[in-house]
Amino acid sequence: MRLLFETFQGSELPEHPFRAEVLQAYWQRKIERGREEKSEFIEKLAEYLLTHKQTHISLDLLRNQPWFDREIFKELVEEGVLVQSHPRATESIVTFFHERLLEYAVAKVLYALWQDHPDRFAERVDHMREFYGVADYFLDMLEEGERLKAIDVLMSTEAGRSMVCKYINHLDQIDEIHLKLFEECVLHGFPAMAVDIARLIEKKPKEALPIVEKALKKDEDFPMVGIIAGALRRKWTESVDVRMKTREWFKSEVPSLRAVAVKPVISEKVKKNPVEALNLLYKLTLDESPLVREQVARLLSETATLLHKNFSQYSECARRLASDSEKGVRSQASWYLAEVISAKEDNRILELLTKWIDTDDANLKETAAAAIVYAYRPGQRELLELIQSASCRDDDLIKKVLVKALLSDRALHGRYLPPVFEEDPTAFRPLIESIIIQGNSEFRKDLAYSIDFTVLHFEHIQEVIRTWPRSDDWRLKHMGALLAAHGRDIVTVKELQD
């Protein structure tokens with residue numbers, strides 16, 4: 001908002017605040033109108049960040065650059081173009097006040113490079129991936145002919161193709177040339193492009209559908225069909241083309257096409273014909289494709305409204321998915337059954353999961369225990385008692401699942417939020433440590449390597465884990481060392497030696 005108000009004082013604010021023309025106006029007002037040295041300083045800084053694939057620079061390193069000017073830097077900070085974190089700290093960080101302004105500055109560096117040394121542009125494509133919107137701003141600066149030449153260069157790399165897809169979705173008008181380029185990018189099979197495909201479906205559904213079909217036929221195990229299925233669902237009501245094509249895909253022999261159609265087709269039937277929706281769900285739990293069964297598992301929460309229609313049929317669907325031979329299907333089942341419990345649609349589901357914990361089926365037991373942890377929110381005494389009770393069982397599998405689930409991003413209630421045992425430390429930290437202490441060395445080793453090391457980097461989890469190598473209990477020390485070896489930098493070598 002500050003960028004807009006400083007640029008358009010007394011004028012009508014633009015509809016799209018981060019379009020290139022808005023940033024250009026800000027650039028002219030705040031940078032180019034001042035001393036020429038200001039522009040040079042900013043361009044040198046942007047060039048440095050692009051070269052080193054960084055979004056910021058330490059103040060000490062900045063001061064050592066040959067182009068650094070103390071007065072210019074002070075002026076840019078005072079005007080709010082640059083920001084300095086912890087100005088009095090020894091490791092102060094400097095960057096642009098907004099990431100979009102940084103991307104625009106990097107785009108100007110790329111534009112100058114394209115004009116003067118187009119042969120060197122390809123060397124910078126991989127560097128561009130560090131700056132989300134830079135390709136859009138850079139391509140918008142070029143004339144049509146030059147833009148197509150630059151796109152040709154981008155199309156030669158995986159990172160560049162992803163940027164081209166994103167750029168095409170950013171355009172107000174998408175013509176046949178753009179659609180052909182988009183298709184060519186997608187058919188390289190870069191999975192992350194599912195997001196770009198979904199955006200194109202929402203912008204131009206009729207034109208996007210043939211591209212989707214080709215991509216999914218090319219890769220029958222396309223790993224991100226859920227994103228595309230969501231876009232089809234959102235366009236279902238307004239687009240006849242989407243409805244017709246999706247119904248056709250639902251009957252396809254191609255697993256990925258069948259999978260992408262599950263959500264929109266079943267969702268429609270939940271509203272119009274609940275009995276048929278439940279029958280279809282029941283049938284699809286036995287589909288030969290794990291990709292299809294994963295999408296069925298993702299519907300457990302949405303179709304929970306059908307519990308009162310036929311509880312036994314719904315519960316059998318849930319049981320099949322929870323005990324599926326494929327881990328990916330079970331993982332989806334645990335997450336979406338947790339949503340059913342959290343929504344309190346029907347208390348019988350919680351009773352069902354409690355029974356599953358006592359079964360001899362390891363897959364069913366694992367899914368149920370994880371779902372109960374994922375469903376927990378601070379203050380829910382019934383779930384807390386159930387988790388505590390499960391942790392006291394003489395069952396290593398249950399104990400491993402509980403700790404793994406409590407230390408997972410699923411238990412964070414949305415990434416970057418404190419995990420449940422940190423919100424309710426009196427309940428879960430002692431429980432986790434008790435499980436670790438009760439297990440033998442092999443138990444701790446298996447547990448440590450079953451935990452996703454990426455979640456070990458969350459600050460609140462680190463606060464707990466870092467105490468273990470220094471614990472008075474050798475079993476917690478052992479667990480801390482194992483996690484350190486797994487997460488590498490969670491605990492330093494010196495801490496382990498001490």
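Position 1 is the first residue of the sequence; numbering continues from there.
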**Prompt:** For Gln313 and Asn279, does a side-chain donor sit closer than 3.5 Å to a side-chain acceptor?
**Reply:** yes

**Prompt:** Could Arg199 and Glu202 be called an ion pair, given the rule that one side-chain N must be under 4.0 Å from one carboxylate O?
**Reply:** no

**Item:** Neighbour count above 12 (heavy atom, 6.0 Å) for Glu382 CD
**Value:** no

**No-hydrogen, no-angle side-chain donor-acceptor test under 3.5 Å, Ser312 and Asn310** = yes

**Message:** Taking CG in Asn440 as the centre, count heavy atoms belonging to other residues, nucleotides or ligands within less than 6.0 Å. Is the count above 12?
**Reply:** yes

**Asked** Can any side-chain N or O of Thr359 pair as donor or acceptor with the backbone N or O of Trp356 at less than 3.5 Å?
**Response** yes

**Request:** Please determine if Arg320 forms a cation-pi arrangement with Tyr282, meaning its NZ or CZ atom is less than 6.0 Å from the six-membered ring centre and no more than 45° off the ring axis.
**Result:** yes

**Request:** Taking atom CD of Glu144 as the centre, report whether more than 12 heavy atoms of other residues, nucleotides or ligands fall under 6.0 Å from it.
**Result:** yes

**Item:** Within 45° cone of Phe250 ring axis and under 6.0 Å: Arg258 NZ or CZ
**Value:** no

**Message:** Salt bridge or not between Asp360 and Lys365? Use side-chain N to carboxylate O under 4.0 Å.
**Reply:** no

**Asked** Within the side chain of Arg243, is there an N or O that forms a donor-acceptor pair under 3.5 Å with the backbone of Trp236?
**Response** yes

**Asked** For Tyr132, is the NZ or CZ atom of Lys166 found under 6.0 angstrom from the centre of its six-membered ring and inside 45 degrees of the ring axis?
**Response** yes

**Prompt:** Any side-chain donor paired with an acceptor under 3.5 Å for Ser434 and Gln438?
**Reply:** yes

